[in-house]
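Each remark here refers to the structure printed beneath this line.
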Amino acid sequence: MSEIYDVVIIGGGPGGYNCAIRAGQLGLKVACVEMRGTLGGTCLNVGCIPSKALLHASGLYAAAKTDFAGLGIKVGKLELDLTQMMAQKSDAVDGLTKGIEFLFKKNKVEYVKGRGKILGKGRVEVALAAGGTQVLETKNIVIATGSEPATLPGIEIDEERVVSNTGALSLKAVPKKLVLIGAGVIGLEMGSVWARLGSEVTVVEYLERILPPADAEVAKEAERTFKKQGLAFRLGTKVTGIEKTKTKLKVNIEPAKGGASDALDADVVIVAIGRKPYTEGLGLETVGGTTDKRGVVDVIDGHFKVADGVWAVGDCIHGPMLAHKAEDDGTAVAELIAGKAGHVDYNLVPSVVYTNPEIAWVGKNEEELKAAGVEYVKGKFPFMANSRARTNHETAGFVKILAEKGSDRILGAHMIGVGVGEIIAEICVAMEFGAASEDIARTSHAHPTLSEAVRQAAMGVEGWTMQM
Ligand code: FAD
Ligand code: NAI
């Protein structure tokens, strides 16, 4: 008779590994099943970490090319070593995935390498990577199987010339002409990387705007800035097919609303039109679990419960498909299983796009507040008027704070500018505590810092912005 676990987690990404570590900390007997061969899921292996490694390195390359001379730094002939850039990316990934294995050992989490399948309540069968199968008996099952790239009908991904977000992180050479399908987060981040390294980038987007979930004013400013950096956008446009010749790709496009067709030449096409939950062959039906039309695992309590003793977290359930959201889900479920309180407020999950300038937001945007009929007051402050941004010659963008009319409670914040991916955390904490804009306006912020722009925007809600 095999031993009985308190919890078996299927999937070792941010949702799964954080659930496992927290469960271990809480003294539960826990196993985490992962089929990839390494821990960390999409995020560490083919998502957040490798993309940020390339954004960082390509950002420095671009700065050396365009900004250093103005700062009084002369460099010799600048050369790109793409092999080394990819190697440092792999180093970052390897170090972090091994770090999770260490945390598993430290917190007594059993790491089972293989593909997990639910056989019914309390039973998970693992097709072991080393061969053979093993059945794990458990009081609780946590589904943390994540997501995979969405595909376009009629467009075949070969991961060489027509690539998903995975292939986009490992191109062997800088494509002369690169077409990205989708002006979402991946489109903008990967478009930035390859444009900085020398590609001529065109982003084809079905909607009439870029970055659909962002505040429209921020998205407009982002579009203007990225155009200046050399990215071309074909908005309101759909891709109808890709023709391949031995050396070239022809991307056929037409207006989303219908009209005359056109074509773009490309060496590489990146398809980045969103991601979909991954539950293939999972055996969800054996516990009465269901998914919606998009494949999102249904929860019966509005949070994480799929069935009695079965939970789900991260990209495969509702809410934003973000690593820190998956982490919070995983932690909350471990705590619920241990009999504690566990809750995640998806309204307070920040979004960050790691381009230059960065884009960050949390809470509701202006369009959402208007649609909901909520009256609000806006405070806005441009980085052009922030002394640190001016000193660094990085003046693009602004901070916008939206507060409820009357109560002054902060409802959302929307930023574009260098470093805003870090600065947004201040607003998250403030909103967690139900702060008013005045609380931020009256809080001392060090000078000269970029975060002073947040304070000035908050002062702007009540009309007493000072630095200009
Ligand atoms: P995943 O990370 O997808 O992990 C699921 C794991 O489950 C996988 O390792 C998979 O192999 C395993 N699995 C699936 N089925 C089984 C099975 N039956 N048996 C065993 N194992 C199984 N988010 C951010 O917050 N910030 C970013 O900067 C960011 N950048 C991104 C960049 C890219 C290019 C991409 C693609 C995504 C990015 N994301 C980012 C999103 C982030 O990666 C995901 O939101 C996050 O990884 C979701 O975590 P998860 O644990 O739910 O799923
Ligand atoms: P996305 O949802 O961010 O953007 C997809 C874009 O493609 C949208 O603008 C959409 O309108 C457009 N689109 C959809 N179908 C299309 C079609 N047929 N033709 C042209 N355009 C089309 O998805 P993306 O960029 O693929 O990223 C997936 C997810 O991964 C993100 O939503 C996010 O959750 C996560 N991610 C997060 C990052 C971060 O936090 N910095 C970085 C990268 C990914």
Side-chain angles (χ1 to χ4, degrees), residues 9-19 32-52 54-55 97 112-118 124-127 129 143-153 155 164-166 168-169 180-191 203-214 219 234-240 253 256 270-283 312-317 319-327 329-330 349-355 358-360 421:
I9 298 153
I10 307 176
Y17 78 73
N18 281 281
C19 185
C32 182
V33 184
E34 171 56 60
M35 65 184 185
R36 186 185 290 273
T38 50
L39 292 169
T42 302
C43 175
L44 266 64
N45 292 282
V46 289
C48 328
I49 298 305
S51 59
K52 265 79 260 179
L54 291 182
L55 278 157
T97 54
V112 183
K113 294 183 184 165
R115 186 181 184 103
K117 183 178 177 190
I118 305 172
V124 174
E125 181 186 71
V126 186
I143 299 166
T145 49
S147 62
E148 61 177 345
T151 48
L152 267 175
I155 292 181
S164 71
N165 49 248
T166 303
L169 294 162
L180 276 132
I181 311 179
V185 195
I186 294 178
L188 297 177
E189 289 188 353
M190 295 320 295
V203 188
V204 181
E205 165 61 46
Y206 190 83
L207 300 176
E208 292 290 347
R209 56 165 290 179
I210 67 166
L211 213 52
R234 297 293 292 258
L235 303 180
T237 303
K238 65 181 173 196
V239 172
T240 52
I253 54 172
I270 300 174
V271 182
I273 55 161
R275 292 178 62 85
K276 57 182 183 196
Y278 180 77
T279 52
E280 208 178 289
L282 182 65
V313 298
D315 276 13
C316 67
I317 61 164
M321 285 183 162
L322 295 172
H324 41 291
K325 177 268 189 188
E327 284 176 25
D329 282 359
V349 173
S351 290
V352 176
V353 187
Y354 297 84
T355 43
E358 289 181 341
I359 299 163

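Atoms within each ligand, like the ligands themselves, are counted from 1 in listed order. From a predicted model like this one, the values you see are computed outputs, not experimental measurements.
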Tell me: protein heavy atom nearest atom 35 (C) of ligand 2, and distance? M321 O, 3.5 Å
N/O to N/O below 3.5 Å, does that happen between I186 and ligand 2? yes
Can a non-hydrogen atom of L322 be found less than 4.0 Å from any atom of ligand 2? yes
When you measure from the heavy atoms of G114 to every atom of ligand 1, does any distance fall below 4.0 Å? yes
Atoms of ligand 2 close to I181 [distance to a heavy atom under 4.0 angstrom, numbered from 1]: 19 (N), 20 (C)
Name the closest protein heavy atom to atom 21 (N) of ligand 2, giving the residue it belongs to and the distance to 0.1 Å. Y206 N, 3.2 Å
Taking I49's backbone N and O only, do any of them form a donor-acceptor pair with S51's side chain (distance below 3.5 Å, no angle check)? no
May I ask you to list the atoms of ligand 2 that are less than 4.0 angstrom from any heavy atom of L207? 11 (O)
Can you find an N or O of V353 that's nearer than 3.5 Å to an N or O of ligand 2? no
Counting non-hydrogen protein atoms only, what is the nearest one to atom 7 (O) of ligand 2? Give residue, atom name and distance. G182 CA, 3.3 Å
Starting from atom 39 (C) of ligand 2, which protein heavy atom do you reach first, and at what distance in Å? V352 O, 3.4 Å
Check each atom of ligand 2 against the heavy atoms of L152 and keep those under 4.0 Å away; list them by number with element. 18 (N)
Just distances here: any N/O of T237 and N/O of ligand 2 closer than 3.5 Å? no
Would you say K52 touches ligand 1, if touching means a heavy atom closer than 4.0 Å? yes
Based purely on interatomic distance, does K238 place a nitrogen or oxygen under 3.5 Å from a nitrogen or oxygen of ligand 2? no
Polar-atom distance check: G314 versus ligand 1, any N or O pair below 3.5 Å? no
Work out whether the distance between some heavy atom of R275 and some atom of ligand 1 is less than 4.0 Å. yes
Look up atom 32 (O) of ligand 2 and tell me if a protein heavy atom lies less than 4.0 Å from it? no
Any nitrogen or oxygen of Y354 lying under 3.5 Å from a nitrogen or oxygen in ligand 2? Just yes or no. no
Heavy-atom nearest neighbour in the protein, as seen from atom 30 (O) of ligand 2, with distance rounded to 0.1 Å: R275 CD, 3.8 Å
Is P320 near ligand 2, meaning one of its heavy atoms is under 4.0 Å from it? no
Taking all non-hydrogen atoms of both residues into account, name the closest pair between V239 and I253 and its distance. CG2-CG2, 4.0 Å
Checking a contact table here: which protein heavy atom is nearest atom 17 (C) of ligand 2, and how many Å away? I273 CG2, 3.9 Å
Compute the shortest N/O to N/O distance between T42 and ligand 1 and return yes if it is under 3.5 Å, no if not. yes
Side chains of N165 and M190, heavy atoms from C-beta outward: is any pair under 4.5 Å? no
What protein heavy atom lies closest to atom 38 (C) of ligand 2? Include the residue and the distance to one decimal. V185 CG1, 3.3 Å
Min over S164, G184, S51, P149 of heavy-atom distance to atom 4 (O) of ligand 2 lands on G184
Based purely on interatomic distance, does G274 place a nitrogen or oxygen under 3.5 Å from a nitrogen or oxygen of ligand 2? yes
Among G13, P14, G330, closest by any non-hydrogen atom to atom 49 (O) of ligand 1: P14
Backbone or side chain, does any N or O of E34 fall under 3.5 Å from an N or O of ligand 1? yes
Considering only non-hydrogen protein atoms, determine which one is nearest to atom 9 (O) of ligand 2 and report residue, atom name and distance to 0.1 Å. E205 OE1, 2.6 Å
Contact between ligand 1 and T279 is defined here as a heavy atom of the residue under 4.0 Å from a ligand atom; is it met? no
